[in-house]
Protein chains: 2
Amino acid sequence: MKIGELADLAGVTTKTVRYYESIGLIAEPERTQSGYRDYGVEVVERLRFVRDAQATGLTLAEISSVLELKDTGSTSCSHTVALLERHMTDLDEQILRLQQAREDLSALAGRAASLDPSSCTDPNRCQVITSSSA
Amino acid sequence: MKIGELADLAGVTTKTVRYYESIGLIAEPERTQSGYRDYGVEVVERLRFVRDAQATGLTLAEISSVLELKDTGSTSCSHTVALLERHMTDLDEQILRLQQAREDLSALAGRAASLDPSSCTDPNRCQVITSSSA
DNA sequence: CGGCACCTTCCAGCCGACAGGAAGATCACA
DNA sequence: TGTGATCTTCCTGTCGGCTGGAAGGTGCCG
């Protein structure tokens, strides 16, 4: 299978496939006599795996480390599990920060809505966001 | 006030101050006879404003547009409010996506924990994350 | 007058995950 | 045989928000 077909099956672009190869995420494939990359069907699975892992927010570097374990035939999933748990912790933190920001914004918007429009005419201050709101 | 003092007061680096100037976030200041940037105290407020707005997740471009309104002495906060509301919507979406990813990861971790360790010995598959889990 | 901290400009690089495009080879089909 | 789609490599650019460093000028203290 050539790179275009692979890309189509996996739902990515040929650019992406070559990029993944360049960072070691997928192995260098065989080449046809004319130099074209020649892939086996299993690479489709690997690319879909990458896509799924990415969907959970893992970076390509993290996915790479998971795949490396898989490639070396590791007899334990402990590294993978540890990675997942660490990532979950990261996500929790991120969600909290966003929720906090969301609350901050909500407070600002509420203040803005309750403001007398004429109070916005001071060219030196915006009443909606001020440094004192920190 | 010279750039170093300003930076200290605002809690940023001199690099950042010059960068903000380069993207038009703060105006070009007066210069001393020797060419040093010479700031008024009000710039401290402006930088703190930027910091606060950034803390809510606004990009510098967005902050720039808010400040622009402020600079032109806009008599209405409606643009600012609209910006804030749009940003809140963005945040909501982002939070949902992260929560979804968090659930996905949780499911994966749960599966991993319940797996018979020996089932991980197949060198061709990682049971924890598979493309079929999409 | 020496030395050091601070200032100036400008250019380069970093992270992540690609996308765009040039220039040339090759393949498939009519 | 032509032509258009696909392939190759390689280099550059994108977004956002800075950071690092080189090379040189200035300010102040003792």
Side-chain angles (χ1 to χ4, degrees), chain A residues 1-26 28-39 43 46-67 83 87 90-91 94 97-98 101, chain B residues 1-40 43 46-67 83 87 90-91 94 97-98 101:
Chain A
M1 171 181 359
K2 283 186 289 185
I3 196 170
E5 189 182 351
L6 171 69
D8 284 347
L9 286 176
V12 297
T13 66
T14 58
K15 286 278 188 187
T16 301
V17 174
R18 279 188 279 256
Y19 171 68
Y20 284 179
E21 182 184 320
S22 80
I23 62 171
L25 202 47
I26 59 176
E28 295 185 16
E30 307 268 304
R31 296 288 182 139
T32 64
Q33 283 190 336
S34 58
Y36 286 12
R37 286 173 176 79
D38 190 17
Y39 295 96
V43 185
R46 191 175 180 103
L47 285 179
R48 286 183 180 161
F49 172 96
V50 172
R51 188 198 55 191
D52 294 344
Q54 250 188 323
T56 72
L58 291 171
T59 66
L60 291 184
E62 289 170 322
I63 296 168
S64 197
S65 77
V66 174
L67 284 173
L83 179 66
H87 190 61
D90 289 350
L91 276 182
Q94 215 174 332
R97 278 194 297 107
L98 287 184
Chain B
M1 168 182 0
K2 282 186 289 184
I3 196 170
E5 189 182 351
L6 171 70
D8 284 348
L9 287 175
V12 297
T13 66
T14 58
K15 285 278 189 189
T16 300
V17 174
R18 279 188 279 258
Y19 171 68
Y20 284 178
E21 182 185 320
S22 79
I23 61 171
L25 203 48
I26 59 176
E28 296 186 16
E30 308 267 305
R31 297 287 181 139
T32 64
Q33 284 191 334
S34 57
Y36 287 12
R37 286 174 177 79
D38 190 17
Y39 295 96
V43 185
R46 191 175 180 101
L47 284 178
R48 287 183 181 163
F49 172 95
V50 172
R51 187 199 55 190
D52 295 343
Q54 247 188 326
T56 72
L58 290 172
T59 66
L60 291 184
E62 289 170 324
I63 296 168
S64 197
S65 77
V66 173
L67 284 174
L83 179 64
H87 190 60
D90 289 350
L91 276 183
Q94 215 176 331
R97 278 194 296 106
L98 286 184

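Computed from a predicted model, the values in this text were never measured in an experiment. In the text below, chain A, chain B and the rest are named by the order of the sequence lines, each starting its count at 1.
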In whole Å, what is the span from the [atom1] atom of [X] to the [atom2] atom of [N]?
{"X": "A:Leu6", "N": "D:dT6", "atom1": "CG", "atom2": "P", "result": "15 Å"}
{"X": "B:Glu30", "N": "C:dT8", "atom1": "CD", "atom2": "P", "result": "14 Å"}
{"X": "B:Ile23", "N": "D:dT19", "atom1": "CD1", "atom2": "P", "result": "13 Å"}
{"X": "B:Gln33", "N": "C:dT8", "atom1": "CD", "atom2": "C1'", "result": "16 Å"}
{"X": "A:Arg18", "N": "D:dC11", "atom1": "CZ", "atom2": "P", "result": "15 Å"}
{"X": "B:Asp38", "N": "C:dC7", "atom1": "CG", "atom2": "P", "result": "12 Å"}
{"X": "A:Glu5", "N": "D:dC7", "atom1": "CD", "atom2": "C1'", "result": "14 Å"}
{"X": "B:Glu62", "N": "D:dG17", "atom1": "CD", "atom2": "P", "result": "9 Å"}

(request) Determine whether A:Arg51 and A:Val12 make a side-chain contact, defined as any pair of heavy atoms from C-beta on separated by less than 4.5 Å. (result) no
(message) Between A:Tyr20 and A:Leu60, is there a side-chain heavy-atom distance shorter than 4.5 Å?
(response) yes
(request) Could you tell me whether a side-chain N or O of A:Asp38 sits under 3.5 Å from a main-chain N or O of A:Met1, the two making a donor and an acceptor? (result) yes
(request) Mark yes or no for whether A:Arg48, through its side chain, and A:Leu9, through its backbone, hold a donor-acceptor pair below 3.5 Å. (result) yes
Hey, does the side chain of [X] come within less than 4.0 Å of [N]'s phosphate (OP1/OP2), counting only N and O?
{"X": "A:Gln54", "N": "C:dC18", "answer": "yes"}
{"X": "B:Ser34", "N": "D:dG25", "answer": "no"}
{"X": "A:Arg37", "N": "D:dC7", "answer": "no"}
{"X": "B:Arg31", "N": "D:dG25", "answer": "no"}

(request) Produce a footprint string for nucleotides 1-6 of chain C: one letter per nucleotide, 5' end first; B if the base is under 4.0 Å from any protein heavy atom, S if only the sugar-phosphate is, - if neither. (result) -----B
Heteroatom pairs (N/O) under 3.5 angstrom, protein to nucleotides 12-16 of chain D:
none

Atom pairs under 3.5 Å: protein N/O with N/O of nucleotides 19-22 of chain C:
residue: C:dA19; atom: OP2; partner: A:Thr13; partner atom: OG1; Å: 2.9
residue: C:dA19; atom: OP2; partner: A:Thr16; partner atom: OG1; Å: 3.3
residue: C:dG20; atom: N7; partner: A:Lys15; partner atom: NZ; Å: 2.9
residue: C:dG20; atom: O6; partner: A:Lys15; partner atom: NZ; Å: 3.0
residue: C:dG21; atom: N7; partner: A:Lys15; partner atom: NZ; Å: 3.4
residue: C:dG21; atom: O6; partner: A:Lys15; partner atom: NZ; Å: 2.3

Identify the heavy atoms of [X] and [Y] that sit nearest to each other, and give their distance.
{"X": "A:Ile3", "Y": "A:Arg18", "value": "CD1-CG, 3.6 Å"}
{"X": "B:Tyr39", "Y": "B:Lys2", "value": "CD1-C, 4.3 Å"}
{"X": "A:Ala7", "Y": "A:Thr14", "value": "CB-N, 3.8 Å"}
{"X": "B:Pro29", "Y": "B:Glu21", "value": "CD-OE1, 3.4 Å"}

